[in-house]
Amino acid sequence: MYDACRRNNVAKLLYLFTLGERTHFGQIECLKLLASHRFADKRLGYLGTMLLLDENQEVLTLVTNSLKNDLNHSNQYIVGLALCALGNIASVEMSRDLFTEVESLLSTANPYIRRKAALCAMRICRKVPDLQEHFLEKAKALLSDRNHGVLLCGLTLVIDMCEAEEAEEGQEGVIEMFRPLVPGLVRALKGLTTSGYAPEHDVSGITDPFLQVKILRLLKVLGRGDAATSELINDILAQVATNTDSTKNVGNSILYEAVLTILDIEADSGLRVLGVNILGKFLSNKDNNIRYVALNTLNKVVAIEPNAVQRHRNTILECLRDPDISIRRRALDLSFMLINESNVRVLVRELLAFLEGADNEFKPAMTTQIGIAADRYAPNKRWHVDTILRVLKLAGAYVKEQILSSFVRLIATTPELQTYCVQKLYTSLKEDISQEGLTLAATWVIGEYGDSLLHGGQYEEEELVKEVKESDIVDLFNNILNSTYATQTVIEYITTASMKLTVRMTDPAQIERLRRFLNSRTADLSVEIQQRAVEYTNLFGYDQIRRGVLERMPPPEIREEQRVLGAPSKKRQSKILKDKSKKPAKQAEQDLLVDLMGGADVPATSAAANGSQNTADLLADILGGDTGISSPAPQAAHAPAQSVNTSAIMDLFGSSNGATPSPRPAEPASASVDILGGLGSTPSPVPSPSAAAVHTAYNKNGLTLTLQVQRGGNGNAQIQARFRNISDFSQFSNVGLQAAVPKSQRLQLSGINRSELSAGDEGVQMLKIAAVSGALPPKLRLRLRVTYSKDGSESVTDQVDWSEP
């Protein structure tokens, strides 16, 4: 009576456990039920033990003795309970204590116990791999058993042993031991496929599909990487693939496993084609699950048998219209993998049609993949341009920077299509200004090739060139700026494009409109836009310099690592689309001065903190008031602003006495001064100074800056500034150095050769100092401004005064 109450209470406790209640206090009661002689008590006790205990519980050690007794019990059902519990909760210690009992049970005459012992042995082998050798011979015997249940469990045990061994590289002893059994497995599978109706094993007219799948899975493991074994399996696989009924789900499961086996072993090409054809038939099945697994498998197969998969291209494209989003996603991935030189036109046309109505989550990946495919397989440049233009019109807001950059490079390097491109982009932008990618590309191209848009140009279809008025372009820019689509990036691009158009246009009224627009942005809330507007507005006082600065960019040299194909490197330089309108503020002023002087030596200055502040004031601000550099004298109220700007710029060039220094030969282009954003430039060579003292000028946040000074025989000095990331995991980006020297000296600062530093990386920047007159002082004095971003955070700017020891 007492045992019955305990059993009822434990049953209630297990019900509470299924509701999520805390029931750990009932563990001992479950163990007491195990000690009972009644089957009903043991059954509930083992159920409670498996639910409430796991291998990490200390109480589990008390179960070992009960399990040992029950494994030797005369009642097969009690033995089955013990094997089931051991197979679910066995710990390493329990496995070592009880494996001998399980090993002996594998040889018992009772098939009920043998199949449970096989599954329990699988758990023991997983927990203690060293014990696996004790079960190998017994597992071999299980594979020749006539009982389907025992054979199924034996196959499960052997597959687990073989797969565990495959995970350990360089060991093939177990697989080699079971390979001689392949002929027997083939006979068993052949018997199942050709046997007549067997009521005890029949499932929808197919004999024991579960056993057939298990045999196929083991054959796949044994035939993988072995040509002789694969040869033995080929015939039965062809027989299974051709004779299995594909109208029922049960048959499809066998066919699917057969296909996986065909594709994994060393099968001949004809058999592989047969497997791909089976997957092609799956694609026309009404069951979404079958179509999904077929697409998943074809994604893996297309690299091995591309021609066989190509035959099912139309069916795959049909899947792009499936209501199920998972099917569409897999079909989309597979469609991109099918693209080659011969079908790029057809497939890209279908993909563009899909892009038109695709969900937003598909668009970023689709635009990138179409761009890569067009770059790799385009039959001609005209088709390439039309394809990317179509992408920009359909999903311009989702186009990544690499694709835009590649598109602009294509236009820049194809003079015969520049008129066509600028016309097409202008027309597309007039129709739709909501796609940011289209706006950015069109704005850049209109700014660069606006003269071709206004005056026409030469290309293959001259009759398609339409006349565009200068006022139309300015009106279009104003419409964009007054719309809700005028993001900061768009404004930056329009600002630079407007400045370029001032030398492409001829109508003074439109040029004045552009100048007023630029002037209106000199007090913009964005420092980047504000600085650009101030610089560009100042250039209006120097027409000849302005026309030289705003000439067309030369076609960039396309290096292999800059192509859009493949994964972009983290350290890739900014693209052509990010010209001066997107340069970091810390480099913008220096870049503009280098452009003005055509590469001559100029002093490096800091970024503008206020757009109305002239450059001479900024330099004096860096150096302080004790360096001999003074701001220009106050001008009379009626003096023109042009004289102020002239004085400021000439003072920056180190010619406050009115004499302009003769320009020196231009230094090799570097990443920091290349107006193309590094697309066609090579980093300036970094000479290594002779053994000179290295001085630490900056050490903060895991970034150090050391200076190494080398004096030349001509009285000049060269300083090697070396940034080093000494942190363990941090990543620094936009690393750079600006410097200022006293007025009696002239400084030339090259760009850093690496602006992104991972842990342990170094970046080098060279400084050259020369005396304006006389010789350099014995000890150099610099004011340094270090800028960087750490782990993607906001930019950090630190100022350091350094004197040579």
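Computation of the quantities below employed the complete heavy-atom set of this structure, encompassing side-chain atoms and omitting hydrogens, waters and symmetry-equivalent molecules.
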Trainee: The criterion is side chain to side chain donor-acceptor pair (under 3.5 Å); which residues satisfy it with Tyr377, sequence neighbours excluded?
Mentor: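 Tyr377 satisfies side chain to side chain donor-acceptor pair (under 3.5 Å) with no residue once adjacent residues are dropped.
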
Trainee: Flag the pair Ile215 / Leu192 as yes when at least one side-chain heavy-atom distance between them is below 4.5 Å, and no otherwise.
Mentor: yes

Trainee: Any idea which heavy atoms bring Leu263 and Arg272 closest together, and the distance?
Mentor: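 Between these two residues, the closest heavy atoms are O-NH1, 3.4 Å.
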
Trainee: Is a side-chain donor or acceptor of Asp359 paired with a backbone partner of Glu361 at a separation under 3.5 angstrom?
Mentor: no

Trainee: Among Leu71, Leu105, Leu106, find the one that has a side chain to side chain contact (heavy atoms under 4.5 Å, CB included) with Ile113.
Mentor: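 Of the listed residues Leu71, Leu105, Leu106, the side chain to side chain contact (heavy atoms under 4.5 Å, CB included) partner of Ile113 is Leu105.
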
Trainee: For Ser104, is there any backbone N or O sitting under 3.5 Å from a side-chain donor or acceptor partner on Thr108?
Mentor: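 No.
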
Trainee: Kindly say whether Ser730 contributes a backbone atom to a donor-acceptor pair with the side chain of Asn725 at under 3.5 angstrom?
Mentor: yes

Trainee: When rounded to the nearest 0.5 angstrom, what distance separates CD in Gln310 from CZ in Arg313?
Mentor: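 It is 6.0 Å, given to the nearest 0.5 Å.
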
Trainee: Determine whether Leu152 and Arg115 make a side-chain contact, defined as any pair of heavy atoms from C-beta on separated by less than 4.5 Å.
Mentor: no

Trainee: Does the side chain of Asn75 come within less than 4.5 Å of Val79's, by heavy atoms?
Mentor: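 No, side chains not in contact.
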
Trainee: Ser66: which residues meet the side chain to side chain donor-acceptor pair (under 3.5 Å) condition with it, sequence neighbours left out?
Mentor: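 None.
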
Trainee: Are side-chain N/O atoms of Thr367 and Lys400 paired as donor and acceptor at under 3.5 Å?
Mentor: no

Trainee: With the side chain counted from C-beta on, respond yes when Phe135 and Val102 share a heavy-atom pair under 4.5 Å apart, and no when they do not.
Mentor: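 Counting from C-beta outward, Phe135 and Val102 do come under 4.5 Å.
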
Trainee: Just by modelled atom types, is the Leu222 backbone N or O under 3.5 Å from a matching donor or acceptor in the Arg179 side chain?
Mentor: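 Between the backbone of Leu222 and the side chain of Arg179 there is a qualifying donor-acceptor contact (under 3.5 Å).
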
Trainee: For the NZ atom on Lys363, are there more than 12 heavy atoms of other groups (residues, nucleotides or ligands in this structure) within a distance under 6.0 Å?
Mentor: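 More than 12 within 6.0 Å, yes.
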
Trainee: Any idea which heavy atoms bring Ala11 and Leu44 closest together, and the distance?
Mentor: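 Heavy-atom minimum between the residues: N-CD2, 3.9 Å.
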
Trainee: Can you list the steps and then say if Leu332 with Met366 is a side chain to side chain contact (heavy atoms under 4.5 Å, CB included)?
Mentor: CA-CA 8 Å; Leu332 187 62; Met366 280 199 70; 3.4 Å; yes

Trainee: Could you pull out the closest heavy-atom pair between Gly26 and Leu13, with the gap in Å?
Mentor: CA-CD2, 3.3 Å

Trainee: With a sphere of 6.0 Å drawn around CZ of Phe210, does it hold more than 12 non-hydrogen atoms of other residues, nucleotides or ligands?
Mentor: no

Trainee: What's the separation between atom CG in Asp333 and atom CG in Asn299, rounded to the nearest 0.5 Å?
Mentor: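 Between Asp333 CG and Asn299 CG, I get 5.5 Å after rounding to 0.5 Å.
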
Trainee: Let's go through Asn249 and Ile290 carefully: what are the C-alpha distance in whole Å and the side-chain angles of both, what is the deciding distance for side chain to side chain contact (heavy atoms under 4.5 Å, CB included) to 0.1 Å, and is it a yes or a no?
Mentor: CA-CA 9 Å; Asn249 204 34; Ile290 294 176; 3.6 Å; yes

Trainee: Looking at Val150 and Pro111, what are the two nearest heavy atoms and their distance?
Mentor: CG2-O, 3.5 Å

Trainee: Is the backbone of Val250 close enough, under 3.5 Å, to the side chain of Ser253 for a donor and an acceptor to pair up by distance?
Mentor: yes

Trainee: So Ile254 and Thr193, side chain to side chain contact (heavy atoms under 4.5 Å, CB included) or not? Walk me through it.
Mentor: CA-CA 10 Å; Ile254 297 174; Thr193 56; over 6 Å; no

Trainee: State, yes or no, whether a side-chain contact exists between Leu347 and Leu338 at a heavy-atom distance under 4.5 Å.
Mentor: yes

Trainee: Is a salt bridge present between Asp97 and Lys68, judged by a nitrogen-to-oxygen distance below 4.0 Å?
Mentor: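 Not counted as a salt bridge, because no side-chain N and carboxylate O are separated by less than 4.0 Å.
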
Trainee: One pair to check against salt bridge (Lys or Arg N to Asp or Glu O under 4.0 Å): Glu93 and Arg96. What are the steps and the verdict?
Mentor: CA-CA 5 Å; Glu93 292 76 13; Arg96 292 189 184 277; over 6 Å; no

Trainee: Rounded to the nearest 0.5 Å, what's the gap from CG on Asn277 to CD on Glu305? Could you check?
Mentor: 10.5 Å

Trainee: Give, for atom NZ of Lys214 and atom CG of Leu218, the distance between the pair rounded to the nearest 0.5 Å.
Mentor: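 Nearest 0.5 Å value for the NZ-CG distance: 10.0 Å.
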
Trainee: Please step through side chain to side chain contact (heavy atoms under 4.5 Å, CB included) for the pair Leu211 and Leu155, ending with a clear verdict.
Mentor: CA-CA 9 Å; Leu211 185 56; Leu155 288 166; 3.5 Å; yes

Trainee: Please report the interatomic distance NZ(Lys281) to CG(Asn252), rounded to the nearest 0.5 Å.
Mentor: 10.5 Å

Trainee: Give me each pair satisfying side-chain hydrogen bond (donor to acceptor under 3.5 Å, both in side chains) with a member in residues 229-241, each pair once, sequence neighbours excluded.
Mentor: Asp226-Thr229

Trainee: Could you tell me whether Glu163 and Lys220 have a side-chain N and a carboxylate O separated by less than 4.0 Å?
Mentor: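 No.
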
Trainee: Using the side chain to side chain donor-acceptor pair (under 3.5 Å) criterion, which residues pair with Thr247? Sequence neighbours excluded.
Mentor: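 Asp245.
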
Trainee: Who are the ring pair (Phe, Tyr, Trp, His ring centres under 6.0 Å) partners of Phe732, not counting sequence neighbours?
Mentor: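 Scan of Phe732 (ring pair (Phe, Tyr, Trp, His ring centres under 6.0 Å), adjacent residues dropped) gives Tyr788.
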
Trainee: Compare all side-chain heavy atoms of Val221 with those of Phe178 and state whether any distance is below 4.5 angstrom.
Mentor: no

Trainee: Considering non-hydrogen atoms only, spot the tightest contact between Ala258 and Val240 and give its length.
Mentor: CB-CG1, 4.2 Å

Trainee: Name the one of Lys286, Arg328, Arg291 that satisfies salt bridge (Lys or Arg N to Asp or Glu O under 4.0 Å) with Asp322?
Mentor: Arg291

Trainee: Counting N and O atoms only, with roles assigned by atom type, does the side chain of Thr261 sit under 3.5 Å from a partner on the main chain of Leu216, one being a donor and the other an acceptor?
Mentor: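 Judged by distance alone, yes, a pair lies under 3.5 Å.
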
Trainee: Tell me if the aromatic rings of Tyr398 and Phe362 count as close, with their centers under 6.0 Å from one another.
Mentor: no

Trainee: Flag yes if more than 12 heavy atoms outside Tyr77 fall under 6.0 Å of its OH atom; otherwise flag no.
Mentor: no

Trainee: Rounded to the nearest 0.5 Å, what separates atom CG in Asn296 from atom CZ in Phe282?
Mentor: 13.5 Å

Trainee: Please tell me if the side chains of Cys84 and Met50 come closer than 4.5 Å, counting only heavy atoms from C-beta onward.
Mentor: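 Cys84 reaches Met50 side chain to side chain.
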
Trainee: Measure across Thr207 and Gln212 and return the closest heavy-atom pair with its distance rounded to 0.1 Å.
Mentor: O-NE2, 2.8 Å

Trainee: Looking just at side-chain N and O atoms, do Asp70 and Tyr46 make a donor-acceptor pair shorter than 3.5 Å?
Mentor: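 Present: a donor and an acceptor within the cut-off.
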
Trainee: Can you check whether Pro364's main-chain N or O pairs, donor with acceptor, with Thr368's side chain at less than 3.5 Å?
Mentor: yes

Trainee: Got a sec, which residues hit side-chain contact (heavy atoms from CB on, under 4.5 Å) with His134, two or more places apart in sequence or on another chain?
Mentor: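 His134: side-chain contact (heavy atoms from CB on, under 4.5 Å) contacts with Phe99, Glu103, Leu131.
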
Trainee: Can you confirm whether Gln27 sits close enough to Leu53 that some side-chain heavy atom of one is under 4.5 Å from a side-chain heavy atom of the other?
Mentor: yes

